[in-house]
Amino acid sequence: MSEKNLNTEAQAAAPAKTLKLGKKHRGIESLKSTYGRMFVLHWEIGLLLFFIVPLIKSLYFVFCEISFAGGAFQYTYIGMENIDYVINENANFTKYLQTTVGSMFGSVVVIVILSLILALLLNQKFRGRLFFRALYFLPVIIASGVVIEHLFSTTSGELSSSGVSDSFAANMLSVDDVLNWLSLPTEIGVFFSTMLNNIFNLVWNCGIQIVLFISGMQSIPDSLYEVSKVEGATKWEEFWFITLPMLSRTLILVIVFTMVEFITAKDNAVMSLAYTFMGSTINYGTASAMLWIYFAIVGVIMAAVIGIYSLLFLRRWDTGGRS
Amino acid sequence: MGNVIQKARDLFYKFKNASSETRYKMVRKSSSVLFSLMRYVILIAIGYIVLYPLFYMISSAIRTRESFFDPSVIWVTSEVTIENFKLAAHIMDYGKSFLNTLIYEMVAAMIQIFSCSLVAYGLARFEFKEKKILTFFMFLLILVPSQMMMLPIVTTYTKLDFLGILGLINDMTGVDLRVNILNSVWTYYLPALFGVGIRAGIIIYIYLQFFKGLPKELEEASWIDGAGPLKTYFRIALPSSGVVIMTVTVFSIIWHWNDYYLASLYLYAGSWPLAVKLSEITSASELGTLRISFGPDNPESIAIVMAGCLLFIIPVLIMYMILQKNFVKSIDRVGITG
């Protein structure tokens, strides 16, 4: 969209130059960019003060050994030792990194599709819509804070998400009993119970995505659907040719958000490893090294996903949806 | 019974004798009925998974001590008690903590909603050189969790400085102008004001995606009519982004409401918000006097924790219910065509 606009602006500016009005045109452009800078000025200051400077400091910690003595932190420069330890000596880190990144892709795909389906259902007009929307909003409140931790610790006695879903699933349907009753082989039983556990975790991670999708759907103009109804499009065609293209921006937002949620979740393998290291001051440098390596790798993956997505879909759908 | 069979037979003959057009209509109608039935089945089935913990919380929060040991009680007891709620509210110091949450977290949430929308508008609508690098920093802001910068942030707050200028003044003249803002509202307000507060990155990104998708025509018209950038922003862009503002408001409030990590880092025990109080409920000192030990084996403690959790989520739930109505109302955006 923006490139297309730029082109038209450039075309408009070209004849103006021949009319010797070029200077004035450039003036408007630079004025507009000044306005743009005005809008983000406070953010630039904030970024510098509360983000970039602390971030650089934490990068410095990667090359430090930190100790707490005499009421103040002491930083001693030790070079690449922390990084060397994390990559070569710590047996768990690389293994955890692989499993975390691998399972990230799987769960992101499933969560995005599941929440899209639920949002589509919740966005239609039907009896009890408000009730169901409030219902599906519950995970947003409960899952992202203290409450879920208390739920974990009181229900299973251990702070692990698999533990809690096991016990929830067992309480809910007691799959094993049903399977015994049906006398099915145990492999199928195992498959079903892992499915059920995963469904629990996945549904609980869908809350915010559903809200994002619904608000995205609500900003699609009704006129598009009216036109498609006049043209005799089926619901299926409406979804593929109107809803999905118009949701292209929401979709990448949801994908990025889901990835970040998964990556920064405290209970994923790499993060919990880093946090155990962060617990003691002496290992803070090692923990910083772990997190920096982790986020560097994940950042590259995310940039690749966003790049590929906008190359494949955003450009095409943007012009397609709007023309 | 015979009546039903008669009706079904009638329907069948009606279908058989109908013209192709009415047949098509009948099939379509019955399929839409099937579809809405399916919808309810899916929503209720998944809704059950969502509701289960809430049932669990309520069921254990309203139980009396005796009923936990009564094997005949599964979900609901005959004797309902609110004693657990009273105890939980007492332990969490509910009134004061609630006020703290409002003062520290909710005000910051409101500030953030506004400051982030400014940033996103600037990034979405204007072209300038630094935009690419700023977008890069936005993604960094989304990606990097606050835990990673825990130590540097706290040291920044104990001696608030701007690029070391105040420190330099201190070195040269001996006058220390650097203030300690820990345990004050500014630990929340300042980052929120500058658009780098709790999850500011993702909030900016939500706004950004929305503003980019918003048709430019109205704003261009207002530019032509001689309105400045601020006027265009307040009169045109903000009024037509009701949906996204509502979404962001809900998220910002909830993320601030649930924040206990930063609060326990920035604030001292006296000014803790509800979330920290709830997370500390199992180790609160009041319990020693009540002789309750916390653990999964002690059902009385579970009842109190669950009552605390309910007290914690109820205000947010009410907030959502109120905003929800506006959510639906703000669907019909005025004056925008695709």
Side-chain angles (χ1 to χ4, degrees), chain A residues 32-33 35-37 39-40 42-43 45-47 49-51 53-55 57-58 118 121 126 130 132-142 144-147 150-151 153-154 157 168 172 199-200 203 208 211-212 215 218-219 221 223-224 249-250 253 257 260 264 284 291 295 299 302 322, chain B residues 36 39 42-43 46-47 49-54 115 118-119 121-123 126-128 134 137 141-145 148-149 151-153 156 162 191 194-196 202 205-206 209 212-213 229 243-244 247 254 258 260 275 278-279 296 302 305 309 312-313 316-317 320-321 324 331 336-338:
Chain A
K32 271 206 156 186
S33 64
Y35 288 148
R37 289 196 185 96
F39 273 103
V40 296
H42 66 289
W43 190 53
I45 297 170
L47 272 180
L49 263 178
F50 300 117
F51 187 69
V53 171
L55 200 66
K57 274 186 188 165
S58 89
L118 283 174
L121 290 178
F126 62 96
L130 275 180
F132 277 110
R133 276 204 198 162
L135 179 69
Y136 281 91
F137 189 70
L138 269 177
V140 180
I141 305 171
I142 296 175
S144 65
V146 204
V147 179
H150 279 316
L151 271 175
S153 61
T154 52
F168 273 142
M172 251 161 41
I199 277 181
F200 190 90
V203 169
I208 287 174
V211 178
L212 284 176
S215 76
Q218 286 178 351
S219 41
S223 53
L224 288 180
R249 293 199 174 281
T250 315
L253 171 71
F257 179 80
V260 170
T264 58
Y284 195 90
L291 289 178
F295 282 110
M302 256 178 60
R322 215 158 282 285
Chain B
S36 74
R39 177 170 56 209
I42 294 172
L43 285 180
I46 298 178
I49 299 174
V50 174
L51 265 186
Y52 181 82
L54 197 72
S115 64
L118 276 177
V119 177
Y121 189 71
L123 289 179
F126 299 97
E127 294 298 328
F128 47 97
L134 283 178
F137 274 116
L141 199 62
I142 294 172
L143 186 63
V144 176
M148 194 164 156
M149 307 186 297
L151 207 57
I153 277 278
T156 308
F162 187 73
F194 286 124
V196 285
I202 197 78
Y205 195 42
I206 293 173
Q209 293 296 355
K212 273 186 182 168
V243 181
V244 73
T247 316
I254 280 168
N258 276 334
Y260 68 99
L278 183 66
S279 79
I302 294 179
V305 172
C309 288
F312 178 73
I313 61 173
V316 201
L317 211 56
Y320 181 70
M321 296 285 196
Q324 168 73 42
I331 299 171
I336 306 282
T337 47

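To find a chain, count down the sequence lines: A is the first, B the second, and so on, and within it residues start at 1.
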Next on the checklist: I'd like to verify something: which residue of A/L138, A/T250, A/L253 has the highest number of heavy-atom pairs under 4.5 Å with chain B?
Outcome noted: A/L253
Item to check | Closest non-hydrogen atom pair, B/A275 against A/V146 | outcome: O-CG2, 3.6 Å
Checklist entry - Mind checking whether A/F50 and B/F194 have parallel, tilted or perpendicular rings, split at 30° and 60°? => result tilted
Checklist entry - What part of A/F126 lies closer than 4.5 angstrom to a heavy atom of chain B: side chain, backbone, both or neither? => result both
Item to check | Shortest non-hydrogen contact from B/F128 toward A/S33 | outcome: CB-CB, 3.7 Å
Checklist entry - For chain A, which of B/I42, B/L51, B/L134 has the most heavy-atom pairs under 4.5 Å? => result B/L134
Checklist outcome for this item: Checked B/L123, B/V144, B/V196 vs chain A; the most non-hydrogen pairs under 4.5 Å come from B/V196
Checklist entry - Under 30°, 30 to 60°, or over 60°: which ring-plane class applies to B/Y320 and A/F137, parallel, tilted or perpendicular? => result parallel
Checklist outcome for this item: Note: B/L143 and A/G299 closest approach over all heavy atoms is CD2-CA, 3.8 Å
Next on the checklist: Could you tell me if the side chain of B/F126 sits less than 4.5 Å from the side chain of A/R37, heavy atoms only?
Outcome noted: no
Next on the checklist: Ignoring hydrogens, what is the shortest heavy-atom contact between A/F51 and B/L141? Give both atom names and the distance.
Outcome noted: CD1-CD1, 3.3 Å
Item to check | B/N258 side chain to A/I141 backbone, donor-acceptor under 3.5 Å | outcome: yes
Next on the checklist: Which heavy atom of B/G122 sits nearest to which heavy atom of A/F39, and what is that distance?
Outcome noted: CA-CB, 3.6 Å
Checklist entry - Side-chain contact, heavy-atom cut-off 4.5 Å: A/L121 with B/L43? => result yes
Next on the checklist: Do A/V140 and B/V316 have side chains that approach each other closer than 4.5 Å (heavy atoms only, starting at C-beta)?
Outcome noted: no
Checklist entry - Less than 4.5 Å apart, any side-chain heavy atom of A/P139 and any of B/V50? => result yes
Checklist entry - Do B/I46 and A/Y136 come close enough that some side-chain heavy atom pair is under 4.5 Å? => result yes
Next on the checklist: Between B/S279 and chain A, with a heavy-atom cut-off of 4.5 Å, which part of the residue counts as in contact: side chain, backbone, both or neither?
Outcome noted: both
Checklist entry - For the atom pair CD1 (B/I142) and OG1 (A/T264), what is the distance rounded to the nearest 0.5 Å? => result 11.0 Å
Item to check | Proximity breakdown for B/Y205 and chain A, heavy-atom pairs closer than 4.5 Å | outcome: both
Checklist outcome for this item: Counting heavy-atom pairs under 4.5 Å with chain A, the top scorer among B/T156, B/L54, B/I202 is B/I202
Next on the checklist: Quick check: do B/V119 and A/H42 have side-chain heavy atoms less than 4.5 Å from each other?
Outcome noted: yes
Checklist entry - Mind checking whether B/F137 and A/L55 have side chains closer than 4.5 Å, heavy atoms only? => result no
